[in-house]
2 protein chains.
Amino acid sequence: MTKEERHAGRLTAAARRAQLIEVGRAVFAKHGYEATTVEEIAERARISKPIVYEHFGGKEGLYAVIVDREVEHIVGRIVDAVIAGSPRERLEQAVLAFLSYAKDRPDGFAMLLRDAPLTKRRGEMPAVMHDLADRVGGVFTEQFRKAGYDAKTAPIYAHALVGMVAFVGQWWTESRKPPSPETVASHVAALAWMGLRHLPRRPTLLARKDRRP
Amino acid sequence: MTKEERHAGRLTAAARRAQLIEVGRAVFAKHGYEATTVEEIAERARISKPIVYEHFGGKEGLYAVIVDREVEHIVGRIVDAVIAGSPRERLEQAVLAFLSYAKDRPDGFAMLLRDAPLTKRRGEMPAVMHDLADRVGGVFTEQFRKAGYDAKTAPIYAHALVGMVAFVGQWWTESRKPPSPETVASHVAALAWMGLRHLPRRPTLLARKDRRP
DNA sequence: ACAGTAACCTTCGCTTGCGTAAGTTACGAC
DNA sequence: GTCGTAACTTACGCAAGCGAAGGTTACTGT
(Lines give C-alpha, C1' and ligand atoms only; values in the text may rest on other atoms or scores of the structure.)
Protein backbone atom coordinates (compact mmCIF):
# COMPACT_ATOMS: atom_id res chain seq x y z
CA MET A 1 0.00 0.00 0.00
CA THR A 2 1.62 3.23 -1.17
CA LYS A 3 1.51 6.38 0.85
CA GLU A 4 -0.75 8.10 -1.67
CA GLU A 5 -3.57 5.66 -1.21
CA ARG A 6 -3.75 5.40 2.52
CA HIS A 7 -6.35 8.05 2.90
CA ALA A 8 -6.02 9.64 -0.51
CA GLY A 9 -3.66 12.10 1.14
CA ARG A 10 -0.66 14.03 -0.09
CA LEU A 11 0.24 13.56 -3.74
CA THR A 12 3.36 14.55 -5.59
CA ALA A 13 3.13 17.73 -7.62
CA ALA A 14 2.93 15.80 -10.87
CA ALA A 15 0.24 13.47 -9.60
CA ARG A 16 -1.80 16.36 -8.25
CA ARG A 17 -1.52 18.16 -11.56
CA ALA A 18 -2.73 15.11 -13.38
CA GLN A 19 -5.62 14.69 -11.01
CA LEU A 20 -6.66 18.31 -11.29
CA ILE A 21 -6.64 18.08 -15.06
CA GLU A 22 -8.97 15.14 -14.92
CA VAL A 23 -11.27 16.64 -12.37
CA GLY A 24 -11.24 19.98 -14.13
CA ARG A 25 -12.20 18.39 -17.41
CA ALA A 26 -15.24 16.82 -15.82
CA VAL A 27 -16.38 20.02 -14.15
CA PHE A 28 -15.75 22.31 -17.10
CA ALA A 29 -17.57 19.87 -19.34
CA LYS A 30 -20.57 19.83 -17.03
CA HIS A 31 -21.03 23.55 -16.47
CA GLY A 32 -19.06 25.34 -19.15
CA TYR A 33 -16.24 27.73 -18.45
CA GLU A 34 -18.07 30.64 -16.89
CA ALA A 35 -20.35 28.65 -14.65
CA THR A 36 -17.53 26.51 -13.33
CA THR A 37 -16.07 27.46 -9.97
CA VAL A 38 -12.57 26.76 -8.79
CA GLU A 39 -14.10 25.73 -5.50
CA GLU A 40 -15.99 22.86 -7.05
CA ILE A 41 -12.88 21.59 -8.71
CA ALA A 42 -10.95 21.80 -5.47
CA GLU A 43 -13.74 20.11 -3.59
CA ARG A 44 -13.96 17.19 -5.97
CA ALA A 45 -10.20 16.77 -5.83
CA ARG A 46 -10.45 16.76 -2.02
CA ILE A 47 -8.10 19.69 -1.64
CA SER A 48 -8.38 23.41 -1.01
CA LYS A 49 -8.50 26.18 -3.55
CA PRO A 50 -4.97 27.59 -3.33
CA ILE A 51 -3.54 24.33 -4.62
CA VAL A 52 -5.18 24.96 -7.93
CA TYR A 53 -3.61 28.38 -8.07
CA GLU A 54 -0.20 27.02 -7.23
CA HIS A 55 -0.31 24.53 -10.04
CA PHE A 56 -2.07 26.41 -12.81
CA GLY A 57 -2.17 30.04 -11.81
CA GLY A 58 -5.94 30.10 -11.78
CA LYS A 59 -9.08 29.11 -13.56
CA GLU A 60 -8.04 30.20 -17.01
CA GLY A 61 -4.67 28.53 -16.76
CA LEU A 62 -6.17 25.21 -15.87
CA TYR A 63 -8.72 25.54 -18.63
CA ALA A 64 -6.06 26.32 -21.20
CA VAL A 65 -4.01 23.30 -20.25
CA ILE A 66 -6.98 20.99 -20.44
CA VAL A 67 -8.15 22.25 -23.81
CA ASP A 68 -4.66 22.04 -25.20
CA ARG A 69 -4.33 18.45 -24.14
CA GLU A 70 -7.66 17.50 -25.60
CA VAL A 71 -6.80 19.04 -28.92
CA GLU A 72 -3.52 17.19 -29.01
CA HIS A 73 -5.28 14.01 -28.12
CA ILE A 74 -7.96 14.09 -30.74
CA VAL A 75 -5.70 15.32 -33.49
CA GLY A 76 -3.34 12.50 -32.65
CA ARG A 77 -6.11 9.96 -32.91
CA ILE A 78 -7.25 11.24 -36.25
CA VAL A 79 -3.76 11.44 -37.66
CA ASP A 80 -3.16 7.84 -36.59
CA ALA A 81 -6.37 6.84 -38.30
CA VAL A 82 -5.47 8.22 -41.71
CA ILE A 83 -1.94 6.94 -42.12
CA ALA A 84 -2.90 4.22 -44.58
CA GLY A 85 -5.61 2.83 -46.77
CA SER A 86 -7.66 3.96 -49.72
CA PRO A 87 -9.06 7.48 -49.58
CA ARG A 88 -12.44 6.17 -48.67
CA GLU A 89 -11.07 3.95 -45.94
CA ARG A 90 -9.15 6.85 -44.56
CA LEU A 91 -12.24 9.00 -44.45
CA GLU A 92 -14.13 6.27 -42.70
CA GLN A 93 -11.37 5.69 -40.20
CA ALA A 94 -11.13 9.39 -39.46
CA VAL A 95 -14.82 9.56 -38.72
CA LEU A 96 -14.58 6.48 -36.59
CA ALA A 97 -11.63 7.91 -34.71
CA PHE A 98 -13.56 11.05 -34.01
CA LEU A 99 -16.60 9.19 -32.75
CA SER A 100 -14.51 6.86 -30.64
CA TYR A 101 -12.90 9.85 -29.07
CA ALA A 102 -16.30 11.31 -28.31
CA LYS A 103 -17.31 8.08 -26.62
CA ASP A 104 -14.09 7.48 -24.75
CA ARG A 105 -13.71 11.01 -23.48
CA PRO A 106 -17.14 12.57 -23.40
CA ASP A 107 -15.97 15.36 -21.13
CA GLY A 108 -13.14 16.42 -23.37
CA PHE A 109 -15.42 16.22 -26.35
CA ALA A 110 -18.01 18.40 -24.68
CA MET A 111 -15.37 21.00 -23.94
CA LEU A 112 -14.24 21.17 -27.53
CA LEU A 113 -17.74 21.91 -28.70
CA ARG A 114 -17.98 24.98 -26.54
CA ASP A 115 -15.95 28.06 -27.29
CA ALA A 116 -12.83 28.64 -25.28
CA PRO A 117 -12.42 31.68 -23.02
CA LEU A 118 -9.77 32.76 -25.48
CA THR A 119 -12.69 33.60 -27.71
CA LYS A 120 -13.66 36.60 -25.66
CA ARG A 121 -10.07 37.69 -25.33
CA ARG A 122 -8.99 37.96 -28.93
CA GLY A 123 -12.38 39.15 -30.10
CA GLU A 124 -12.59 36.79 -33.02
CA MET A 125 -13.32 33.13 -33.03
CA PRO A 126 -10.70 30.49 -33.68
CA ALA A 127 -12.92 27.91 -31.94
CA VAL A 128 -11.22 24.55 -31.86
CA MET A 129 -13.57 22.70 -34.17
CA HIS A 130 -13.23 25.29 -36.89
CA ASP A 131 -9.49 25.03 -36.68
CA LEU A 132 -9.86 21.36 -37.29
CA ALA A 133 -12.13 22.07 -40.24
CA ASP A 134 -9.49 24.38 -41.66
CA ARG A 135 -6.95 21.58 -41.59
CA VAL A 136 -9.36 19.37 -43.46
CA GLY A 137 -9.92 22.25 -45.84
CA GLY A 138 -6.24 22.24 -46.70
CA VAL A 139 -6.40 18.65 -47.81
CA PHE A 140 -9.62 19.19 -49.72
CA THR A 141 -8.31 22.20 -51.58
CA GLU A 142 -5.53 20.18 -53.10
CA GLN A 143 -7.80 17.31 -54.03
CA PHE A 144 -10.30 19.68 -55.58
CA ARG A 145 -7.70 21.32 -57.72
CA LYS A 146 -6.43 17.97 -58.95
CA ALA A 147 -9.92 16.82 -59.78
CA GLY A 148 -10.78 19.97 -61.67
CA TYR A 149 -13.27 21.36 -59.18
CA ASP A 150 -13.40 24.95 -58.01
CA ALA A 151 -10.83 24.99 -55.23
CA LYS A 152 -12.44 27.99 -53.62
CA THR A 153 -15.41 25.90 -52.63
CA ALA A 154 -13.32 23.34 -50.77
CA PRO A 155 -13.69 25.05 -47.37
CA ILE A 156 -17.45 24.75 -47.63
CA TYR A 157 -17.20 21.00 -47.92
CA ALA A 158 -14.54 20.75 -45.26
CA HIS A 159 -16.68 22.58 -42.75
CA ALA A 160 -19.72 20.61 -43.81
CA LEU A 161 -17.89 17.38 -43.17
CA VAL A 162 -16.55 18.40 -39.78
CA GLY A 163 -19.91 19.85 -38.84
CA MET A 164 -21.82 16.71 -39.60
CA VAL A 165 -19.40 14.51 -37.73
CA ALA A 166 -19.27 16.77 -34.70
CA PHE A 167 -22.99 17.20 -34.53
CA VAL A 168 -23.78 13.55 -35.04
CA GLY A 169 -21.20 12.79 -32.40
CA GLN A 170 -22.88 15.07 -29.95
CA TRP A 171 -26.26 13.56 -30.58
CA TRP A 172 -24.88 10.07 -30.49
CA THR A 173 -23.03 10.38 -27.19
CA GLU A 174 -26.07 11.80 -25.50
CA SER A 175 -28.72 9.45 -26.83
CA ARG A 176 -29.61 6.43 -24.78
CA LYS A 177 -29.50 3.19 -26.72
CA PRO A 178 -26.86 4.46 -29.16
CA PRO A 179 -25.79 2.38 -32.17
CA SER A 180 -22.22 1.13 -32.28
CA PRO A 181 -19.61 3.68 -33.30
CA GLU A 182 -18.83 1.56 -36.35
CA THR A 183 -22.41 1.73 -37.50
CA VAL A 184 -22.61 5.48 -37.12
CA ALA A 185 -19.22 6.01 -38.70
CA SER A 186 -20.05 3.90 -41.72
CA HIS A 187 -23.26 5.78 -42.35
CA VAL A 188 -21.77 9.22 -41.91
CA ALA A 189 -18.75 8.35 -44.00
CA ALA A 190 -20.98 6.90 -46.69
CA LEU A 191 -23.03 10.06 -46.80
CA ALA A 192 -19.99 12.25 -47.10
CA TRP A 193 -18.22 10.02 -49.54
CA MET A 194 -21.14 9.58 -51.88
CA GLY A 195 -21.92 13.25 -51.66
CA LEU A 196 -18.43 14.26 -52.63
CA ARG A 197 -18.13 11.53 -55.25
CA HIS A 198 -21.20 12.57 -57.17
CA LEU A 199 -20.79 16.27 -56.81
CA PRO A 200 -21.67 18.25 -59.93
CA ARG A 201 -18.71 20.25 -61.19
CA ARG A 202 -20.37 23.51 -60.42
CA PRO A 203 -23.52 23.34 -58.29
CA THR A 204 -25.95 26.22 -58.74
CA LEU A 205 -29.26 27.04 -57.18
CA LEU A 206 -32.22 25.47 -58.89
CA ALA A 207 -33.77 28.88 -59.61
CA ARG A 208 -37.14 29.06 -57.85
CA LYS A 209 -37.03 32.79 -57.23
CA ASP A 210 -40.80 32.77 -57.25
CA ARG A 211 -41.19 32.91 -53.47
CA ARG A 212 -44.81 33.71 -52.59
CA PRO A 213 -46.28 36.80 -54.25
CA MET B 1 -42.83 63.90 -33.29
CA THR B 2 -44.17 61.35 -30.85
CA LYS B 3 -43.50 61.55 -27.17
CA GLU B 4 -41.32 58.45 -27.21
CA GLU B 5 -38.73 59.93 -29.51
CA ARG B 6 -38.24 63.34 -28.02
CA HIS B 7 -35.26 62.42 -25.95
CA ALA B 8 -35.49 58.66 -26.19
CA GLY B 9 -37.30 58.88 -22.89
CA ARG B 10 -40.21 56.94 -21.45
CA LEU B 11 -41.51 54.13 -23.59
CA THR B 12 -44.72 52.18 -23.31
CA ALA B 13 -44.44 48.80 -21.64
CA ALA B 14 -44.74 47.02 -24.96
CA ALA B 15 -42.11 49.16 -26.64
CA ARG B 16 -39.71 48.71 -23.76
CA ARG B 17 -40.21 44.97 -23.85
CA ALA B 18 -39.44 44.91 -27.53
CA GLN B 19 -36.34 46.99 -27.06
CA LEU B 20 -35.06 44.83 -24.24
CA ILE B 21 -35.53 41.73 -26.32
CA GLU B 22 -33.42 43.22 -29.07
CA VAL B 23 -30.73 44.51 -26.78
CA GLY B 24 -30.70 41.31 -24.80
CA ARG B 25 -30.25 39.24 -27.91
CA ALA B 26 -27.17 41.21 -28.85
CA VAL B 27 -25.61 40.96 -25.42
CA PHE B 28 -26.39 37.29 -24.85
CA ALA B 29 -25.02 36.49 -28.28
CA LYS B 30 -21.81 38.33 -27.54
CA HIS B 31 -21.00 36.90 -24.13
CA GLY B 32 -23.09 33.79 -23.68
CA TYR B 33 -25.64 33.35 -20.94
CA GLU B 34 -23.42 33.09 -17.89
CA ALA B 35 -21.07 35.89 -18.77
CA THR B 36 -23.88 38.28 -19.59
CA THR B 37 -24.85 40.78 -16.92
CA VAL B 38 -28.24 42.33 -16.49
CA GLU B 39 -26.45 45.60 -15.92
CA GLU B 40 -24.98 45.63 -19.38
CA ILE B 41 -28.36 45.02 -20.92
CA ALA B 42 -29.90 47.81 -18.87
CA GLU B 43 -27.05 50.13 -19.72
CA ARG B 44 -27.34 49.56 -23.44
CA ALA B 45 -31.07 50.11 -23.27
CA ARG B 46 -30.43 53.38 -21.40
CA ILE B 47 -32.47 52.35 -18.42
CA SER B 48 -31.84 51.01 -14.95
CA LYS B 49 -31.77 47.41 -13.88
CA PRO B 50 -35.13 47.02 -12.11
CA ILE B 51 -36.95 47.66 -15.38
CA VAL B 52 -35.61 44.40 -16.69
CA TYR B 53 -36.92 42.63 -13.63
CA GLU B 54 -40.32 44.22 -13.94
CA HIS B 55 -40.72 43.08 -17.49
CA PHE B 56 -39.13 39.65 -17.49
CA GLY B 57 -38.62 38.66 -13.89
CA GLY B 58 -34.87 38.44 -14.32
CA LYS B 59 -32.05 37.23 -16.45
CA GLU B 60 -33.40 33.78 -17.10
CA GLY B 61 -36.84 35.06 -17.98
CA LEU B 62 -35.50 37.42 -20.57
CA TYR B 63 -33.28 34.73 -21.99
CA ALA B 64 -36.13 32.28 -22.28
CA VAL B 65 -38.30 34.77 -24.14
CA ILE B 66 -35.54 35.62 -26.57
CA VAL B 67 -34.68 32.01 -27.36
CA ASP B 68 -38.31 31.14 -27.80
CA ARG B 69 -38.78 33.92 -30.30
CA GLU B 70 -35.71 32.92 -32.26
CA VAL B 71 -36.83 29.36 -32.50
CA GLU B 72 -40.23 30.44 -33.74
CA HIS B 73 -38.60 32.72 -36.22
CA ILE B 74 -36.24 30.23 -37.79
CA VAL B 75 -38.72 27.40 -37.86
CA GLY B 76 -41.14 29.73 -39.58
CA ARG B 77 -38.61 30.60 -42.22
CA ILE B 78 -37.77 27.00 -42.94
CA VAL B 79 -41.39 25.93 -43.06
CA ASP B 80 -42.08 28.73 -45.53
CA ALA B 81 -39.17 27.54 -47.63
CA VAL B 82 -40.37 23.98 -48.05
CA ILE B 83 -44.01 24.53 -48.95
CA ALA B 84 -43.50 23.74 -52.62
CA GLY B 85 -41.16 22.37 -55.23
CA SER B 86 -39.40 19.13 -55.95
CA PRO B 87 -37.78 17.35 -53.02
CA ARG B 88 -34.41 18.57 -54.08
CA GLU B 89 -35.60 22.14 -54.46
CA ARG B 90 -37.14 21.99 -51.05
CA LEU B 91 -33.94 20.78 -49.51
CA GLU B 92 -32.04 23.54 -51.21
CA GLN B 93 -34.51 26.17 -50.14
CA ALA B 94 -34.43 24.93 -46.57
CA VAL B 95 -30.67 25.24 -46.47
CA LEU B 96 -30.86 28.65 -48.03
CA ALA B 97 -33.48 29.72 -45.52
CA PHE B 98 -31.26 28.61 -42.69
CA LEU B 99 -28.23 30.43 -44.02
CA SER B 100 -30.22 33.55 -44.73
CA TYR B 101 -31.44 33.49 -41.18
CA ALA B 102 -27.88 33.19 -39.95
CA LYS B 103 -26.91 36.21 -42.00
CA ASP B 104 -29.93 38.33 -41.19
CA ARG B 105 -29.93 37.65 -37.49
CA PRO B 106 -26.41 36.71 -36.50
CA ASP B 107 -27.13 37.34 -32.85
CA GLY B 108 -30.11 35.05 -32.73
CA PHE B 109 -28.19 32.44 -34.66
CA ALA B 110 -25.29 32.61 -32.25
CA MET B 111 -27.64 32.10 -29.34
CA LEU B 112 -29.16 29.00 -30.86
CA LEU B 113 -25.77 27.39 -31.22
CA ARG B 114 -25.06 27.66 -27.54
CA ASP B 115 -26.92 25.59 -25.00
CA ALA B 116 -29.75 27.18 -23.10
CA PRO B 117 -29.64 27.64 -19.33
CA LEU B 118 -32.43 25.11 -19.23
CA THR B 119 -29.74 22.59 -19.98
CA LYS B 120 -28.34 22.82 -16.50
CA ARG B 121 -31.76 22.66 -14.95
CA ARG B 122 -33.11 19.40 -16.27
CA GLY B 123 -29.71 17.76 -16.42
CA GLU B 124 -30.15 16.44 -19.91
CA MET B 125 -29.78 18.27 -23.14
CA PRO B 126 -32.64 19.20 -25.42
CA ALA B 127 -30.46 21.86 -27.10
CA VAL B 128 -32.39 23.75 -29.71
CA MET B 129 -30.47 22.57 -32.75
CA HIS B 130 -30.94 18.93 -31.85
CA ASP B 131 -34.65 19.49 -31.51
CA LEU B 132 -34.62 20.81 -35.03
CA ALA B 133 -32.67 17.78 -36.14
CA ASP B 134 -35.29 15.56 -34.56
CA ARG B 135 -37.98 17.21 -36.62
CA VAL B 136 -35.97 16.57 -39.74
CA GLY B 137 -35.50 13.04 -38.53
CA GLY B 138 -39.25 12.56 -38.51
CA VAL B 139 -39.45 13.41 -42.19
CA PHE B 140 -36.46 11.27 -43.05
CA THR B 141 -37.77 8.24 -41.25
CA GLU B 142 -40.85 8.16 -43.38
CA GLN B 143 -38.90 8.66 -46.59
CA PHE B 144 -36.46 5.95 -45.63
CA ARG B 145 -39.18 3.46 -45.00
CA LYS B 146 -40.80 4.21 -48.33
CA ALA B 147 -37.51 3.82 -50.16
CA GLY B 148 -36.70 0.55 -48.48
CA TYR B 149 -33.83 1.79 -46.35
CA ASP B 150 -33.31 0.97 -42.70
CA ALA B 151 -35.53 3.51 -40.97
CA LYS B 152 -33.53 3.26 -37.78
CA THR B 153 -30.62 4.97 -39.43
CA ALA B 154 -32.66 8.00 -40.45
CA PRO B 155 -31.76 10.03 -37.33
CA ILE B 156 -28.10 9.71 -38.17
CA TYR B 157 -28.63 11.38 -41.50
CA ALA B 158 -30.96 13.97 -40.07
CA HIS B 159 -28.42 15.05 -37.50
CA ALA B 160 -25.66 14.94 -40.08
CA LEU B 161 -27.62 17.25 -42.32
CA VAL B 162 -28.48 19.73 -39.61
CA GLY B 163 -24.95 19.59 -38.29
CA MET B 164 -23.36 20.39 -41.60
CA VAL B 165 -25.69 23.26 -42.27
CA ALA B 166 -25.31 24.74 -38.80
CA PHE B 167 -21.56 24.41 -38.78
CA VAL B 168 -21.09 25.77 -42.26
CA GLY B 169 -23.41 28.60 -41.32
CA GLN B 170 -21.29 29.44 -38.31
CA TRP B 171 -18.11 29.42 -40.33
CA TRP B 172 -19.72 31.37 -43.12
CA THR B 173 -21.13 34.17 -40.98
CA GLU B 174 -17.83 34.69 -39.29
CA SER B 175 -15.51 34.57 -42.29
CA ARG B 176 -14.59 37.80 -43.96
CA LYS B 177 -15.14 37.80 -47.71
CA PRO B 178 -17.96 35.23 -47.52
CA PRO B 179 -19.51 33.77 -50.67
CA SER B 180 -23.16 34.55 -51.37
CA PRO B 181 -25.69 32.56 -49.37
CA GLU B 182 -26.96 31.09 -52.63
CA THR B 183 -23.54 29.75 -53.48
CA VAL B 184 -23.04 28.16 -50.11
CA ALA B 185 -26.55 26.78 -50.02
CA SER B 186 -26.22 25.20 -53.45
CA HIS B 187 -22.99 23.47 -52.51
CA VAL B 188 -24.18 22.21 -49.18
CA ALA B 189 -27.48 21.07 -50.60
CA ALA B 190 -25.68 19.33 -53.46
CA LEU B 191 -23.44 17.50 -51.03
CA ALA B 192 -26.36 16.33 -48.94
CA TRP B 193 -28.55 15.49 -51.87
CA MET B 194 -25.95 13.51 -53.75
CA GLY B 195 -24.92 11.78 -50.57
CA LEU B 196 -28.42 10.67 -49.77
CA ARG B 197 -29.22 9.85 -53.38
CA HIS B 198 -26.33 7.45 -53.83
CA LEU B 199 -26.43 5.90 -50.43
CA PRO B 200 -25.81 2.15 -50.38
CA ARG B 201 -28.76 0.26 -48.93
CA ARG B 202 -26.82 -0.82 -45.93
CA PRO B 203 -23.46 0.88 -45.40
CA THR B 204 -20.90 -1.12 -43.47
CA LEU B 205 -17.38 -0.42 -42.39
CA LEU B 206 -14.74 -1.31 -44.94
CA ALA B 207 -13.09 -3.76 -42.53
CA ARG B 208 -9.53 -2.56 -41.88
CA LYS B 209 -9.41 -3.87 -38.33
CA ASP B 210 -5.67 -4.19 -38.76
CA ARG B 211 -4.81 -1.05 -36.86
CA ARG B 212 -1.08 -0.95 -36.14
CA PRO B 213 0.41 -4.03 -34.47
C1' DA C 1 16.48 12.83 16.18
C1' DC C 2 16.09 16.77 13.70
C1' DA C 3 16.43 20.08 10.05
C1' DG C 4 14.65 21.24 5.52
C1' DT C 5 11.34 21.23 2.11
C1' DA C 6 7.22 20.10 -0.52
C1' DA C 7 2.43 19.71 -0.02
C1' DC C 8 -1.39 21.56 1.88
C1' DC C 9 -4.84 24.42 4.84
C1' DT C 10 -7.50 28.29 7.07
C1' DT C 11 -8.64 32.84 6.64
C1' DC C 12 -9.28 36.87 4.53
C1' DG C 13 -10.08 41.01 1.19
C1' DC C 14 -12.38 42.47 -2.49
C1' DT C 15 -15.17 42.64 -6.58
C1' DT C 16 -19.02 41.48 -9.21
C1' DG C 17 -23.48 40.85 -10.05
C1' DC C 18 -28.31 39.23 -8.86
C1' DG C 19 -32.40 40.74 -7.13
C1' DT C 20 -35.40 44.10 -4.11
C1' DA C 21 -37.30 48.20 -1.50
C1' DA C 22 -38.59 52.57 -1.42
C1' DG C 23 -38.98 56.76 -3.54
C1' DT C 24 -39.47 60.02 -7.85
C1' DT C 25 -41.00 61.95 -12.29
C1' DA C 26 -43.89 62.42 -16.34
C1' DC C 27 -48.40 62.06 -18.37
C1' DG C 28 -53.29 61.49 -19.24
C1' DA C 29 -58.17 61.84 -17.37
C1' DC C 30 -61.70 64.62 -15.61
C1' DG D 1 -55.07 72.03 -11.79
C1' DT D 2 -54.86 67.92 -9.02
C1' DC D 3 -55.23 62.94 -8.89
C1' DG D 4 -53.96 58.44 -10.28
C1' DT D 5 -51.13 55.56 -12.60
C1' DA D 6 -47.44 53.81 -15.36
C1' DA D 7 -42.61 54.31 -16.13
C1' DC D 8 -38.46 54.81 -14.16
C1' DT D 9 -34.63 55.83 -10.55
C1' DT D 10 -31.29 55.55 -6.73
C1' DA D 11 -29.72 52.83 -3.13
C1' DC D 12 -29.03 48.74 -0.95
C1' DG D 13 -28.67 43.72 0.89
C1' DC D 14 -26.52 39.75 0.08
C1' DA D 15 -24.20 35.74 -1.82
C1' DA D 16 -20.71 33.89 -4.79
C1' DG D 17 -16.43 33.42 -6.29
C1' DC D 18 -11.55 34.88 -7.61
C1' DG D 19 -7.22 35.20 -5.88
C1' DA D 20 -3.51 35.98 -2.06
C1' DA D 21 -1.15 36.03 2.72
C1' DG D 22 0.47 33.57 6.11
C1' DG D 23 0.66 29.53 8.81
C1' DT D 24 0.66 24.19 9.43
C1' DT D 25 1.50 19.27 8.57
C1' DA D 26 4.02 15.40 6.95
C1' DC D 27 7.55 13.21 4.34
C1' DT D 28 12.94 12.99 3.26
C1' DG D 29 17.56 12.79 3.83
C1' DT D 30 21.48 12.78 7.04
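Numbered from 1 within each chain, the chains take letters A, B, ... in sequence-line order.
Among the protein residues, B:Ile47 comes within range of the sugar-phosphate backbone only, with heavy atoms under 4.0 Å from sugar or phosphate atoms but none that close to a base.
For A:Tyr53, the listed nucleotide lying nearest its side chain is D:dA20; candidates were C:dT20, D:dT9, D:dA20.
Residue B:Arg16 has no polar side-chain atom (N or O) positioned under 4.0 Å from OP1 or OP2 of D:dA6.
One interatomic measurement links the two molecules: CD of A:Glu34 to C1' of D:dA16, which rounds to 14 Å at whole-angstrom precision. Distance A:Leu20 CG to C:dA7 P: 12 Å, rounded to the nearest Å. Look at CZ on A:Arg17: it is 16 Å from C1' on C:dA6, rounded to the nearest Å. Here C:dG19 presents its P atom at 14 Å from CZ of B:Phe56, a figure rounded to the nearest Å. Taking atom CG of B:Leu62 as the reference point, atom P of C:dG19 lies 11 Å away to the nearest angstrom. Atom P of nucleotide D:dG23 and atom CD1 of A:Ile51 are separated by 17 Å, given to the nearest angstrom. Taking atom CD of B:Glu43 as the reference point, atom P of D:dT10 lies 12 Å away to the nearest angstrom. When rounded to the nearest whole Å, the span between CZ of B:Phe28 and C1' of C:dG17 equals 13 Å.
Ring pair A:Phe56/A:Tyr63: centre-to-centre distance not below 6.0 Å.
Where B:Lys59 and B:Glu54 meet DNA chain C, the nucleotide closest to each residue was compared, and B:Lys59 sits on the side nearer the 5' end.
In this structure, A:Glu70 pairs ionically with A:Arg25, as a charged nitrogen and a carboxylate oxygen lie closer than 4.0 Å. Salt-bridge check for B:Asp150 with B:Arg145: failed, with every basic side-chain N at 4.0 Å or more from each acidic carboxylate O.
Residues B:Pro203 and A:Ala190 come closest through the heavy atom pair CB-CB, 4.0 Å.
Judged by the 6.0 Å and 45° rule, B:Lys103 forms no cation-pi pair with B:Phe109.
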Under 3.5 Å between N/O atoms: give me all the protein pairs with nucleotides 10-13 of chain C, atom names plus distance.
none

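A distance of 10.5 Å separates CD1 of B:Ile156 from CG of A:Leu191, quoted to the nearest 0.5 Å.
Checked against B:His130 for a ring-ring contact (aromatic ring centres under 6.0 Å, His included), the options A:Trp172, A:Trp171, A:Phe167 give a single hit: A:Phe167.
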